[in-house]
2 protein chains.
Amino acid sequence: MNISEKIIPPETASEDRSLAIREALRNAIIDRRLAPGTKLSEAEVGSLFDVSRTVVRAALQMLAFEGLVRTERNRGAFVSHPSPEEARQVFASRRLIEQGIMAGVLAHVTPADIQQFRRQLGEEQRHMNERGPAARRAEIKASGDFHLMLAAVAGNAILQRFMEELVARSSLVIALYGRSGTSSCGHSEHSAILDAVEQGDEKRAAELMIHHINHIEADLDLQIKQGMGLKDALTLR
Amino acid sequence: MNISEKIIPPETASEDRSLAIREALRNAIIDRRLAPGTKLSEAEVGSLFDVSRTVVRAALQMLAFEGLVRTERNRGAFVSHPSPEEARQVFASRRLIEQGIMAGVLAHVTPADIQQFRRQLGEEQRHMNERGPAARRAEIKASGDFHLMLAAVAGNAILQRFMEELVARSSLVIALYGRSGTSSCGHSEHSAILDAVEQGDEKRAAELMIHHINHIEADLDLQIKQGMGLKDALTLR
DNA sequence: TCAAGCAAGATTGCATACAATTTCGCCACT
DNA sequence: AGTGGCGAAATTGTATGCAATCTTGCTTGA
């Protein structure tokens with residue numbers, strides 16, 4: 001049995017394998033199972049998933065578009081190693097877009113949505129109470145999913161796609177520059193945001209969201225370790 | 001001599017041909033030389049640029065990511081035919097993001113930038129005074145470039161990339177749903193925005209930008225020609 | 001005359017072969 | 001011993017071949 005059968009759900013595999021590989025790599029990257037700087041060799045990934053280099057290339061190209069992977073001509077693809085400046089831009093973009101998302105959410109949210117959000121928050125809480133790296137990864141994932149669910153109910157597919165990219169890149173940034181071991185995305189803040197949404201208080205919901213993102217960013221160590229120019233190559237393995 | 005030598009500047013051709021082909025197709029699409037619904041056959045595009053289907057596929061995949069091209073499995077790639085709903089989402093996204101862009105512009109703009117903006121506005125004016133479809137295309141392009149230049153000086157590469165996608169998709173939408181023959185992007189409004197920027201009046205600049213986008217959208221005919229389900233296939237040729 | 005079925009042609013999806021480029025180790029030379 | 005250069009191995013970039021799928025036009029039957 002090949003690894004691909006363990007990783008990729010069979011129904012998606014038959015439809016479009018490069019999409020499935022993209023998802024698998026994506027999850028591995030935002031889970032930090034693939035460290036920034038790791039080389040993603042076409043042949044290696046291909047044999048791992050039991051496909052030819054052609055489909056791997058397609059997957060890598062998509063990831064490069066999302067900013068999760070950086071490709072260098074004739075050298076290959078590497079897991080992105082975002083700079084502090086890039087990290088700041090990611091959060092600046094999130095502050096802007098999630099503000100717009102909140103407006104859409106307030107306009108479109110249904111009681112059924114609220115219920116599902118509550119379930120999601122329960123998931124988060126559950127993972128927070130557990131210990132170990134697997135639970136930590138699940139917590140980060142669940143935390144990001146909350147933001148993605150908000151984007152989904154906001155009713156704008158374009159902003160939703162932007163958010164998917166930004167959340168993925170945020171995970172990468174948090175993995176690189178995260179400081180505290182505590183919740184990378186305060187659970188109670190999510191809860192407060194949801195309360196404001198349920199009460200239909202758009203102004204407060206947007207404010208809470210901004211503060212929430214500020215808190216995440218404030219928990220990072222984005223000092224400009226200057227003179228990193230050539231050292232990059234060393235750090236990057 | 002092949003067509004590719006006329007279209008693709010030689011220096012870029014040597015670097016990455018799929019990028020160059022993407023640019024060429026992109027320009028053709030937003031210039032409306034390629035109508036929405038047009039089929040982009042791999043073999044045809046390949047022979048046109050004198051490359052193999054492999055390279056063409058990479059270019060088409062990128063365009064699909066940007067939303068300029070829609071691909072159907074085993075059927076091929078087609079120039080996107082955005083729905084009225086998609087069009088509304090494009091402009092909603094622009095209202096949000098260009099607001100953020102304006103904040104960045106006010107924070108980073110230099111006198112040299114202002115000067116270049118004025119030159120760009122001159123370009124726009126020049127094309128507006130000319131007649132003919134070529135001049136019209138140049139005008140639409142120049143008008144979009146103004147927004148892209150703003151995004152460039154705002155200092156956020158992520159938002160800049162989002163804007164590049166949104167401006168391209170806007171061109172497609174305007175081509176499809178544009179009503180008036182008049183300037184699709186009021187030149188005087190650009191000028192007013194630039195004035196506000198020069199005076200450092202962020203609030204007014206952002207307001208003017210929002211109104212400007214509203215005007216563009218208001219000039220479209222986005223009636224929900226319902227029951228288009230199967231008729232799509234007809235309209236789409 | 002019209003509709004349904006079928007077969008040939010065309011087009012995409014994927015794998016593989018070859019060319020171009022880079023990387024790495026070895027050897028000679030100082 | 002250290003450095004520079006050369007050559008082999010590895011990796012990516014691109015082209016092409018084959019199988020699968022879709023399209024299209026013709027044929028056959030009612």
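Any value given below was found using the heavy atoms of this structure, including those in side chains, with hydrogens, waters and symmetry copies removed.
- In this structure, B:Asp16 atom CG and D:dT12 atom P are separated by 15 Å, rounded to whole Å.
- For B:Arg53 and C:dT16, the CZ to P distance is 16 Å, given to the nearest whole Å.
- Between the P atom of C:dC14 and the CD1 atom of A:Ile21 lies a distance of 10 Å, rounded to the nearest Å.
- Heavy-atom distances to DNA chain C give each of B:Leu40 and A:Ser52 a nearest nucleotide, and the one nearer the 5′ end belongs to B:Leu40.
- Each of A:Ala77 and A:Thr54 was matched to the nucleotide of DNA chain D holding its nearest heavy atom; the match closer to the 5' end belongs to A:Ala77.
- Not one side-chain nitrogen or oxygen of A:Arg73 sits closer than 4.0 Å to the OP1 or OP2 atom of C:dT21.
- Closest to the side chain of A:Val51, from the set D:dA15, C:dT12, C:dA15, is C:dA15.
- Here the P atom of nucleotide C:dG13 and the CG atom of B:Leu60 are 10 Å apart, to the nearest Å.
- Protein atom CZ of B:Phe49 is 14 Å distant from nucleotide atom P of D:dA15, rounded to whole Å.
- Contact between the side-chain N/O atoms of A:Lys39 and the OP1/OP2 oxygens of D:dT12 is found at a separation under 4.0 Å.
- Rounded to whole Å, the distance from CZ on B:Arg17 to C1' on D:dT12 is 14 Å.
- No side-chain heavy atom of A:Arg137 sits under 4.5 Å from any side-chain heavy atom of A:Lys141.
- At the phosphate of D:dG13, OP1 or OP2 sits under 4.0 Å from a side-chain N or O atom of A:Arg57.
- Remark: the A:Arg94 side chain and the A:His147 side chain contain an N/O donor-acceptor pair separated by less than 3.5 Å.
- No side-chain N or O of B:Gln116 forms a donor-acceptor pair with one of B:Gln120 less than 3.5 Å apart.
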Side chain to side chain contact (heavy atoms under 4.5 Å, CB included) evaluation trace for A:Thr71 with A:Gln61
CA-CA 8 Å; A:Thr71 63; A:Gln61 196 190 338; over 6 Å; no
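- For B:Arg75 against C:dG13, a side-chain-to-base donor-acceptor contact under 3.5 Å is absent.
- Nearest heavy-atom pair across B:Glu85 and A:Gly155 is OE2-O, 4.4 Å.
- The distance from atom CG of A:Asn74 to atom P of C:dC24 is 15 Å, rounded to the nearest whole Å.
- Rounded to whole Å, atom P of C:dT12 lies 8 Å from atom CZ of B:Phe78.
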